[in-house]
Novice: 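One structure coming up, written as structure tokens, with questions to follow.
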Number of protein chains: 2
Amino acid sequence: MARPRKFDEERAVDAAMHAFRTAGYEATSTQDLCEATGLGRSSIYNTFKSKHDLFERALDRYMGERNGELFALMESDLPVREKIRTHLERVVEEECGGKGDRQGCLVVNTAVEVSARDEQVAGELARDYRLRLEVIRAALASGQRDGDIAADKDVTALAHLIIAAVGGLRVSARCGADRRALGGVVEGVMAAL
Amino acid sequence: MARPRKFDEERAVDAAMHAFRTAGYEATSTQDLCEATGLGRSSIYNTFKSKHDLFERALDRYMGERNGELFALMESDLPVREKIRTHLERVVEEECGGKGDRQGCLVVNTAVEVSARDEQVAGELARDYRLRLEVIRAALASGQRDGDIAADKDVTALAHLIIAAVGGLRVSARCGADRRALGGVVEGVMAAL
DNA sequence: TTCGTTTTGGACTGGTCAATACATAACACC
DNA sequence: GGTGTTATGTATTGACCAGTCCAAAACGAA
């Protein structure tokens, strides 16, 4: 009944996500988004309300992908310590893994760059945090029942610790810490479980 | 021999630092810097080469102030565990302490927002990281000689862990984690020492 | 084919960006 | 008081910003 789109909306969000991850929110212009997605301005503004709206779509997508991986890992049948170790080592690998990619974690970047000035985004980040917390907490609680985690440990506190460790690894990597240093951090966190 | 300045350069850097901390590098315009410092554009560009130059001055100043506090704490005669705990709790207090201040850590903000696209800044961050690492490592080594830290611990790895913990606390706080959650993180890190 | 609807490209909006130019003001020194 | 030098205020630069407008294009349905 009308002219159909000749692009895939999800693909566009994906390309925008890539752009935001590499340059951050402020430093990514709408022109950059046009080039990243291959779309014209009209298509972008016809599909998304604004740069901010597209950003939120990209952030949602990023969270969805990442949490999918996290949930799959936490629901796997690895021993709980291996789940946690794998989670942390994936972060190290991503931050240090060469290839010049260098695109950061959109959640960490957003928390630092925009959350303080954007309540809506801050709300999304908080929601996402609670989600991650609960999944990790559940895995730890299950491990506690198996005897892999000492019974006197507070698994909620440990889950907070693991989430903080991820953020800390990313920030340290951005400050120039190398793979060996980050590996040591992972060991230190594992020792606290 | 010529017209003297009627403002204090260090004061101006301090005001700029405040502006950059609250809004980040990209989102702080030169106009914002004029308003924050109370100077005209001419004075700013006459004193500093560029926005980027002023930012680096502000970053340097921030690092100097913060490291001064850190060094004083690490050279105090508290037991080493108390030094570390105090260091971490200051971060929690700063991130959670109400007052609506809400200005973040310029080092963490910069590491996340600009280091990937600015080699010079990345170099400064790396230098600063090494400085903090060494001071904390020395304090831990001293504590190890006193028997406050187990002899089989790798104090360099622990120092990396503590630095990462600071970054992690700040990121988690930005994601909405409350004081209690962050307090638990501090306990978890202390348990690893 | 024709019509109705939507997408698309590209020009365009007012506003803001970092940075500069230039004239004037304010001082130290003589 | 005059002179040289620097600081400052204001206007302005060209580039870019996010977002809008509109005409033309492309399709489904009739």
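Per chain, numbering begins at 1; letters A, B, ... match sequence-line order.
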Novice: Measure from CD1 on A:I44 to P on C:dT7 and round the result to the nearest Å.
Specialist: 14 Å
Novice: A:N46 CG to D:dA26 P: how many Å, rounded?
Specialist: 17 Å
Novice: Answer yes if the side chains of B:Y45 and B:R41 hold a donor-acceptor pair under 3.5 Å, and no otherwise.
Specialist: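 Distance-only check fails for B:Y45 and B:R41.
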Novice: When we call it a touch if two heavy atoms are under 4.0 Å apart, what does A:F7 touch: a base, just sugar-phosphate, or nothing?
Specialist: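 If one applies the 4.0 Å heavy-atom cut-off, A:F7 turns out to touch the sugar-phosphate alone, with no base involved.
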Novice: Salt-bridge test for B:E10 and B:R57: reply yes if a basic N is under 4.0 Å from a carboxylate O, no otherwise.
Specialist: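 B:R57 and B:E10: salt-bridged.
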Novice: Nearest whole angstrom, please: distance from the C1' of C:dC17 to the CG of B:L33.
Specialist: 12 Å
Novice: Calculate the interatomic distance between A:Y45 atom OH and D:dC22 atom C1'; express it in whole Å.
Specialist: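 It is 17 Å, rounded to the nearest whole Å.
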Novice: Would you say the side-chain atoms of B:S43 and B:N46 include a donor-acceptor pair closer than 3.5 Å?
Specialist: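 Side chains of B:S43 and B:N46: no pair found under 3.5 Å.
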Novice: In terms of side-chain heavy atoms of A:P4, which of C:dG9, C:dT5, D:dC27 is nearest?
Specialist: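 It is D:dC27.
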Novice: Taking the minimum atom-to-atom distance to the side chain of A:A2, which one of C:dA19, C:dT6, D:dG19 wins?
Specialist: C:dT6
Novice: With no angle test and no hydrogens, is the base of C:dT7 tied to the side chain of A:R3 by a donor-acceptor pair under 3.5 Å?
Specialist: yes
Novice: Which one, D:dT20, D:dT8, C:dT8, comes nearest to the side chain of B:S43?
Specialist: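 That would be D:dT8.
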Novice: A:Y25 OH to D:dC17 C1': how many Å, rounded?
Specialist: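 Atom OH in A:Y25 sits about 12 Å away from atom C1' in D:dC17.
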Novice: Using heavy-atom distances to pick each residue's nearest nucleotide on DNA chain D, tell me which of A:D32 and A:K49 is more 5'.
Specialist: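 Going by which nucleotide is closer to the 5' end, it is A:D32.
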Novice: Measure from CD on B:Q31 to P on C:dC17 and round the result to the nearest Å.
Specialist: 7 Å
Novice: What is the nucleic acid contact for A:S50, judged by heavy atoms within less than 4.0 Å: base, sugar-phosphate only, or nothing?
Specialist: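 Sugar-phosphate only.
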Novice: Look at the side chain of A:T30 and decide which nucleotide, out of D:dG19, D:dA18, C:dA19, has an atom nearest to it.
Specialist: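 Nearest to the side chain of A:T30 among the choices is D:dA18.
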Novice: In whole angstroms, how far is the C1' atom of D:dA18 from the CZ atom of A:F55?
Specialist: 16 Å
Novice: Can you tell me if B:K51 touches the phosphate of C:dT20, counting only side-chain N or O atoms and a distance under 4.0 Å to OP1 or OP2?
Specialist: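 Checking B:K51 against C:dT20: no side-chain N or O falls below 4.0 Å of OP1 or OP2.
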Novice: For B:K6 and D:dT8, what is the distance between atoms NZ and P respectively, to the nearest whole Å?
Specialist: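 Atom NZ in B:K6 sits about 7 Å away from atom P in D:dT8.
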Novice: Using the side chain to side chain contact (heavy atoms under 4.5 Å, CB included) rule, pick out the option among B:I149, B:T86, B:L140 that qualifies with B:R81.
Specialist: B:I149
Novice: Any chance you could lay out the salt bridge (Lys or Arg N to Asp or Glu O under 4.0 Å) test for A:E94 and A:R90, step after step, and finish with the verdict?
Specialist: CA-CA 6 Å; A:E94 186 185 358; A:R90 279 183 186 171; over 6 Å; no
Novice: With a 3.5 Å cut-off and just heavy-atom distances, do the side chain of B:S42 and the base of C:dA21 make a donor-acceptor pair?
Specialist: yes
